[in-house]
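A quick write-up on the structure given underneath.
Residues take their numbers from the sequence shown, with the count starting at 1. As the structure is a prediction and not an experimental result, all values here were calculated from the model.
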Amino acid sequence: MSAVSDRLPAFPWDKLTPFKATAAAHPDGIVDLSVGTPVDPVPELIQKALVGAADSPGYPTVWGTPELRDAITGWVERRLGARDVTHRHVLPIVGSKELVAWLPTQLGLGPGDRVAYPRLAYPTYEVGARLARAEYEVYDDPTDLDPEGLKLLWLNSPSNPTGKVLSKADLTRIVTWAREHGVLLFSDECYLELGWEADPVSVLHPDVNGGSYDGIVSVHSLSKRSNLAGYRAAFLAGDPAVLSPLLEIRKHGGMMTSAPTQAAVVAALSDDDHVRVQRERYASRRALLREALLSHGFRIEHSEASLYLWATRGESCWDTVAHLAERGILVAPGDFYGSAGAEFVRVALTATDERVAAAVRRL
């Protein structure tokens with residue numbers, strides 16, 4: 001077992017433990033803006049769907065029910081502008097982190113193969129490459145990469161942690177480059193419905209991919225847009241030539257979403273009203289936190305989408321973490337997401353209105 005665990009970096013969130021203790025000692029309690037876990041209620045229609053499917057004694061299927069696949073294909077066409085999406089173009093997954101961590105292994109990558117991801121990025125992209133013993137590297141512009149041996153290219157727009165959004169023109173250029181060089185492209189679009197000062201576009205849009213899904217797959221999650229982080233509900237959409245073998249592998253591995261969760265996802269993807277309500281909550285919290293941080297001397301970069309503000313005071317991110325912890329506010333240090341984040345912190349919008357108001361007062 002140690003041979004596998006030794007491939008992994010130290011779990012970054014453990015480093016926050018002493019700062020969390022400091023923040024928790026604040027007389028008015030901690031305001032936790034670090035991990036970004038949803039705090040608002042699961043919409044009632046989703047809870048009802050879950051309960052309604054609670055009597056599910058049999059095994060669920062990895063590919064999901066036909067109703068689930070219908071809901072996914074319908075949402076992909078309605079929300080992302082994709083065209084001619086069939087059941088062969090979609091695949092449910094057990095939360096997006098599981099997919100990111102195990103995708104290189106499931107693709108059969110190993111020593112000598114290369115995985116690339118943005119310079120500032122979700123740490124699990126690197127973890128996935130390490131688990132497969134593949135090589136990994138970061139980029140500023142993926143088209144500057146050497147395509148030789150590059151087997152998996154991760155995009156992330158809107159970005160975690162920065163909230164940066166890739167334009168339709170940039171996405172089109174990158175998809176074209178990846179296809180020209182035979183590089184498989186996975187686009188992590190889990191924050192796509194949370195655009196504030198930009199309108200994020202999917203690689204599944206025909207203006208980006210030219211009406212073909214060859215060599216591209218998008219990743220979507222219901223954790224943030226529907227408050228379903230506790231349900232572990234996500235899905236892939238894109239090239240059937242990629243998804244079909246992944247489906248077979250995942251069948252053998254038993255990587256299936258529970259039947260009640262599948263029913264909940266059908267309800268979630270079939271309703272847009274609860275997403276609008278949740279967006280309004282986050283927009284209000286974002287406006288309050290953004291103004292408070294700016295007034296406190298922070299500079300905010302990007303952050304035009306997603307659930308975070310990417311902020312700096314021009315000092316070590318750990319000095320900023322300590323500064324805010326003394327005020328009872330816990331944030332994520334930017335170097336969790338790469339060395340380029342050494343002077344930034346990621347401030348999540350995922351706290352109740354009452355806790356956000358407390359943070360604003362303290363700032």
Side-chain angles (χ1 to χ4, degrees), residues 38 40 42-43 45-46 49 64-93 95-96 99 155-160 163-172 175 185-213 216-229 231-240 243 257 261-283 304-307 349:
D40 298 304
V42 173
L45 84 161
I46 301 176
T65 63
E67 293 78 13
L68 174 59
R69 283 176 262 140
D70 281 343
I72 295 173
T73 57
W75 182 85
V76 165
E77 292 193 340
R78 183 179 78 253
R79 179 61 185 85
L80 305 184
R83 297 289 180 266
D84 302 318
V85 180
T86 71
H87 286 195
R88 296 174 54 249
H89 292 89
V90 301
L91 177 62
I93 54 177
S96 58
L99 182 280
L155 299 185
N156 180 208
S157 175
S159 162
N160 174 15
K164 181 179 180 180
V165 174
L166 292 173
S167 69
K168 185 182 291 185
D170 279 336
L171 288 171
T172 303
V175 166
L185 187 155
F186 265 68
S187 181
D188 183 345
E189 301 174 353
C190 290
Y191 297 93
L192 186 135
E193 292 195 282
L194 295 168
W196 311 116
E197 298 160 4
D199 187 14
V201 179
S202 171
V203 294
L204 300 183
H205 195 287
D207 289 353
V208 172
N209 61 41
S212 167
Y213 303 114
I216 58 173
V217 176
S218 65
V219 184
H220 292 272
S221 167
L222 286 84
S223 293
K224 306 301 194 294
R225 50 96 70 190
S226 298
N227 297 332
L228 296 190
Y231 285 46
R232 309 316 303 135
F235 60 89
L236 306 178
D239 190 347
L243 299 188
T257 304
T261 296
Q262 291 188 29
V265 172
V266 171
L269 292 179
S270 301
D271 175 75
D272 295 330
D273 285 345
H274 76 277
V275 180
R276 175 186 53 78
V277 170
Q278 189 60 45
R279 274 181 52 88
E280 290 172 355
R281 290 189 185 117
Y282 284 137
E304 57 260 32
S306 84
L307 279 183
L349 310 179

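- The shortest non-hydrogen separation linking Val266 to Ala71 is CA-CB, 4.0 Å.
- Residues passing the salt bridge (charged side-chain N to carboxylate O under 4.0 Å, His left out) test with Glu193, sequence neighbours excluded: Arg79, Arg225.
- Inter-residue side-chain proximity for Glu189 and Pro158 is flagged as unmet; no heavy-atom pair is nearer than 4.5 Å.
- Under the ring pair (Phe, Tyr, Trp, His ring centres under 6.0 Å) criterion, Trp75 pairs with His220, Phe235, sequence neighbours left out.
- In this structure Asp271 satisfies the salt bridge (charged side-chain N to carboxylate O under 4.0 Å, His left out) test with no other residue, sequence neighbours excluded.
- Annotation: salt bridge (charged side-chain N to carboxylate O under 4.0 Å, His left out) contacts of Arg83 (sequence neighbours excluded): none.
- Inter-residue side-chain proximity for Leu80 and His205 is flagged as unmet; no heavy-atom pair is nearer than 4.5 Å.
- Closest of all the heavy-atom pairs between His87 and Pro66 is CE1-O, 3.7 Å.
- Minimum interatomic distance between Gly81 and Pro206 (heavy atoms only, all atoms of both residues): O-CD, 3.1 Å.
- With hydrogens and angles ignored, the 3.5 Å screen pairs a side-chain donor or acceptor of Asn156 with a backbone N or O of Asn160.
- Taking every heavy atom of both residues into account, Asp84 and Glu77 meet most closely at N-OE2, 3.2 Å.
- A heavy-atom distance below 4.5 Å is not found between the side chains of Thr261 and Leu228.
- Evaluation of the side-chain contact (heavy atoms from CB on, under 4.5 Å) rule for Ala82 yields Val76, Val85, Leu204, Tyr213 as partners, not counting sequence neighbours.
- Residues passing the side-chain contact (heavy atoms from CB on, under 4.5 Å) test with Glu197, sequence neighbours excluded: Arg286, Arg290, Glu304.
- Remark: Asn227 engages Gln278 in a side-chain hydrogen bond (donor to acceptor under 3.5 Å, both in side chains) (not counting sequence neighbours).
- Listed by chain and residue number, Asp214 satisfy the side-chain hydrogen bond (donor to acceptor under 3.5 Å, both in side chains) test with Ser212 (two or more places apart in sequence, or in another chain).
- In this view, Ser96 and Cys190, Val219, Ser221, Ala234 satisfy the side-chain contact (heavy atoms from CB on, under 4.5 Å) rule, not counting sequence neighbours.
- Partners of Ala49 according to the side-chain contact (heavy atoms from CB on, under 4.5 Å) rule, which considers only residues two or more places apart in sequence or in another chain, are Ala267.
- Side-chain N or O atoms of Arg232 include none that pairs as donor or acceptor with a backbone N or O of Thr257 at under 3.5 Å.
- Judged as a salt bridge (charged side-chain N to carboxylate O under 4.0 Å, His left out), and not counting sequence neighbours, Asp70 has no contacts.
- Ser157 is listed as a side-chain neighbour of Val165, based on a closest heavy-atom distance under 4.5 Å.
- We find the CG-CG distance between Leu99 and Leu236 to be 4.5 Å, quoted to the nearest 0.5 Å.
- Not counting sequence neighbours, the partners of Ser159 by the side-chain hydrogen bond (donor to acceptor under 3.5 Å, both in side chains) test are Thr162.
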